[in-house]
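Below, read A as the first sequence line, B as the second, and so on, with proteins coming before strands; counting in each chain starts at 1. Just so you know, these numbers use all the heavy atoms, side chains as well, and skip hydrogens, waters and symmetry mates.
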Amino acid sequence: MREIMKMVVVLSLISGLSGAVLAWLKDATKNRIEEQVLTYVQGPALEQVFPPHDNNPITDRKRFEVPGAPGESVTIFPALKDGKLAGYAMETYGQGYGGDIGVIVGFDAGKDALTGIGVTTMKETPGLGTNVAKHGFTTQFAGHPLEKLELKSKGGSIDAVSGASYSSTGAITAVQKAVALRDKLKDEIGKTWQ
Amino acid sequence: MSTLWKEFSKGLWNELPPFRLVLGLCPTLAVTKTANNGLGMGLAVIFVLTLSNMLISMVRKIIPAKVRIACFIVIAASLVVAVELLMQAYAYPLYQQLGIFVPLIVVNCIILGRAEAFASRNPVLPSIADGLGMGVGYTASLTFLGALRELFGYGTVFGAPVMWGSFKPFSFMIEAPGAFVCLGVLLAGMNFFSAWQARRKGGPDAVPAVSDCGSCGMCDMARKRG
Amino acid sequence: MQREALKPLTGRTVFTVSSPPHWHCGATIPGMMLDILLALCPAVVMAAAVFGMDAVRVMALSCATAVVVEAACCKAMKRPVSVDDYSALVTGLLFAFLLPAEAPWWLVMAGSAISIALGKMVFGGLGGHPFCPPLVGWAVCRISWKSSMDIDMSLLNADLFYPLTQLKHLGLEAISRFSYADLLLGKQLGGLGAAQTGALLLGGIYLLLRRRIRPDIPLAFLAGTFLLSLAYALSDPSFYAPPLFHLMTGSVVLGAFFLATDCSSSPMGHVPMILFGLLGGALTVIIRVYGDYPDGVPFAIMLANLATPLLDRIRPRPFGGAGRGGRAHA
Amino acid sequence: MTEYFLLIISAIFVNNILLAQYLGNCPFLGCSRNIGTAAGMGAAVVFVVVMASGFTWAIQRYVLVPFSLDYLQTIVFILVIAALVQFVEMFLKKAAPPLYKSLGIFLPLITTNCAVLGIAIICQRKDYGIVKTLVFSFASALGFMLALLLMAAIRERFELSRLPQSMKGAPAGLVMAGLMSLAFFAFKGMIS
């Protein structure tokens, strides 16, 4: 009996101790890891959508509460040029064929237009749906005004990737979400970075 | 001091983990596409191995024999999770490169094998020396294999081009078959070398490296448990 | 087990005891190898006629490298140098047969050296190798130097076409330019010797008549290719090529008579031999239809080689033996 | 249906767990001395891998993710696998002695077979559902068993052939594994 007691005590002591240490370590590295993931997963797509800038959008990022939707928040990446806001970007998601498609949407700070989009994560069919991340599809968004962001088949001005209407729709849904968010946050963003 | 050195140095040649003891093969094969990856993996293993040896040696007297293995696993796995977190925070590209083999350090026979064979029977300092020595030997082996494969497979070492201009990369070396063949030929070379050494000294023939799981000691460990 | 060659007074090897017993090994190894070389001669002549001096250069370089490397390996292993049994020559020539005629010199030398060193000598020389040696060299080169091994890319300025890539990339219409007579006479691109379908067939028949190889494997291999491609062709004749086309292109004939019949990497019982051949032939078609490689033969034979030890366990129950057939000897 | 078929073909041949993903090499080299051992080990691996993947999937889904403890994945999975192997051993001993007799000695070895933990983690990283997880882990383990059996049959032959002195044992096994993996390149491109 004593032995079993000892076994249980030692085991739970060790497990508890390592659990506590790991929880602390997890907390300590949380910010670093988030930044690293942003740099290496979202980073390449971010660089693709931004106008010329001289800051690091990832370290300057800021979380915003979405007005009218308590508990929801979105991270905005600003692109600053000579200390002034040149553009900003956010990541949104749309339902594609294989799962969510993550899209970074960049906005021009000066006028109501997109600076471009970049796809971050997706699980689309290789060679077909993955083409939404390719040049031909994404370049349509560079400099596009905020209206008529819809597939041509639905009265918009965007050409779908042939054979991948689900994936195209998913990417566009994400862009539309970003535009809606931008409308709500526009003033606040303007106040944060001049 | 000399005993510490002895424990440390045996991992460098006489009991060189992947080549002599034929331990921890999976990462040895999988992550040695480049010298950099081999080095990174090796450093992670040094960290886990040294600390796990130290911790296990520290608590060896209070652990009841029956839950010994479970305790070893908890300690080793916690250290692996710590390495995972640290790598994500400070070396994310390497973490991506090594992929699933970072969590798999926990089942690397070296860790549990050294815990059972050495750390659970020896005081703290020799255990640290043993872990450090084995870890350094493992790292050196991985880096060497990585450099070799990178040299022929990409024509570079640590990313720096070293081959002549018209060199056509021998991609076989960086594919899976190349990993196996390269390690096999290296082992054969080491056997050849030891045999030659033994013959020169006039001693008995050296025993070639065999992998019967014998050196990993997990089987014995598992049987004793029941 | 003592497995050294028995040597008569004259000093020449007459009989090598090797396990498993080889059905198809005739009187002497050099004799058999010479016969194989003789059987390959028509294809050598045809290759030289179709591809010119380039083909001769590749074949000569490959054979020379093979012999030198084998001698060096024997020296390093402190064994009697066995190059006088001509087996290295056969390996070198067969490897050259799989290459495009314009293969660069370093590729030929590296591949031929790998065939001998990694395909054969690592496993203790003739009789011990689990794969047909030239295939090991071919496969290593194929995954390392794709563009130099690619028949189309290395023979861009030839007037002939490689029927299998035409089929793979351009579909069934593209192969209508090949008549069976042309294919048989070697008027196609391919491995420099492998494309000489008619000449190889002649050589294969010579080997069969001389009883150097048993008919089981070649016939089963051809049958496997034929039957599976027939099944595909019947399922959709407008999409899959006719079976005869598959038989006459790539290295099917070379594979059936010369590569798959390699002594130590093929099984020995009748049933295992037939299964081995069928497996290789069927895999050839499967790789051609679904895989990355236009000509599936080398890889198909390697996979069949892998299965050889398992196939060999199928054997007749020893007379009066009580145990299961395969276990009786163990 | 085709989806599962392709998943199976891919796991067994195209991305063979041993020959293409380098998982489970220790038992591959250690237990391939003769066909009997290889068959036993292979069967035990199939059995444990499928159970382990199923269990770890459920734990990840219903415990780790809801309590956002997924950074503890490694430690929890390895403990689950170790405990599972122990239970299976005890269960077989009581419930199916003949099966225990043939698989029992291999079971303890499996805890540190990195293929088991590896497959469980791969299923999580690929975000498979439960059915896909089970199918994938079963097929992967079958691929392991296939490679092990082929290897054992070939190594039985090596015992009789004149391997160079320094190639005997692990080196020959490794070189052979390399050439096997080379032959498996045949399946490349069959499934994208």
With a 4.5 angstrom heavy-atom cut-off, could you sort out which part of [X] is near chain D: side chain, backbone, both or neither?
X        : answer
C/Leu135 : neither
C/Ile143 : side chain
C/Arg79  : side chain

Original post:
Are C/Phe123 and D/Phe158 near enough that their ring centres are under 6.0 Å apart?
Top reply: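 Yes; D/Phe158 has its ring centre under 6.0 Å from that of C/Phe123.
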Subject >> Gap between atom OG of C/Ser264 and atom CZ of D/Arg157 - 0.5 Å precision >> reply: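 So the CZ of D/Arg157 and the OG of C/Ser264 are separated by 8.0 Å.
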Original post:
Taking atom CZ of C/Arg313 and atom CD of D/Glu156, what is their separation to the nearest 0.5 Å?
Top reply: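 Going from CZ on C/Arg313 over to CD on D/Glu156, the span is 5.0 Å.
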**OP:** Specify which of C/Asp292, C/Leu310, C/Ile286, C/Thr308 makes the most heavy-atom pairs with chain D at under 4.5 Å.
**Re:**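 Sorted descending by pairs with chain D, the first entry is C/Asp292.
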For [X] against [Y], the heavy-atom pair lying closest together:
X        : Y        : result
D/Pro164 : C/Met77  : CG-CE, 3.9 Å
C/Leu306 : D/Leu150 : O-CD2, 3.7 Å
D/Ser161 : C/Gly128 : CB-CA, 4.2 Å
D/Ala186 : C/Ile287 : CB-CD1, 3.6 Å

**OP:** Spell out the residues in residues 294-303 of chain C that have some non-hydrogen atom less than 4.5 Å away from a non-hydrogen atom of chain D, in order of number; otherwise answer 'none'.
**Re:**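 When heavy atoms of chain D are the reference, residues 294-303 of chain C contributes C/Phe299, C/Met302, C/Leu303 within the under-4.5 Å range.
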**OP:** Among residues two or more places apart or on two chains, list those pairs meeting ring-ring contact (aromatic ring centres under 6.0 Å, His included) that have a residue in residues 23-42 of chain D.
**Re:**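 For residues 23-42 of chain D, and leaving out neighbouring residues, there are no ring-ring contact (aromatic ring centres under 6.0 Å, His included) pairs at all.
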**OP:** Could you name each residue pair satisfying ring-ring contact (aromatic ring centres under 6.0 Å, His included) that touches residues 116-144 of chain D, not counting sequence neighbours?
**Re:**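 Every pair satisfying ring-ring contact (aromatic ring centres under 6.0 Å, His included) with a residue in residues 116-144 of chain D: D/Tyr128-D/Phe136.
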**OP:** Give me the one residue out of C/Val140, C/Asn305, C/Val136 that meets side-chain contact (heavy atoms from CB on, under 4.5 Å) with D/Leu179.
**Re:**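 That would be C/Val136; it is the only one of C/Val140, C/Asn305, C/Val136 passing the side-chain contact (heavy atoms from CB on, under 4.5 Å) with D/Leu179.
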**OP:** Check each atom of D/Met167 against the heavy atoms of chain C and say whether the ones under 4.5 Å are side chain, backbone, both or neither.
**Re:**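 D/Met167 touches chain C through side-chain heavy atoms alone.
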**OP:** Would you mind checking which part of D/Phe187 comes under 4.5 Å of any heavy atom in chain C, side chain (CB onward), backbone (N, CA, C, O), both or neither?
**Re:**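 Answer is side chain: those atoms of D/Phe187 sit under 4.5 Å from chain C.
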**OP:** Tell me, please, which residues at least two apart from C/Lys146 pass salt bridge (Lys or Arg N to Asp or Glu O under 4.0 Å).
**Re:**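 Salt bridge (Lys or Arg N to Asp or Glu O under 4.0 Å) check on C/Lys146 returns nothing, list empty.
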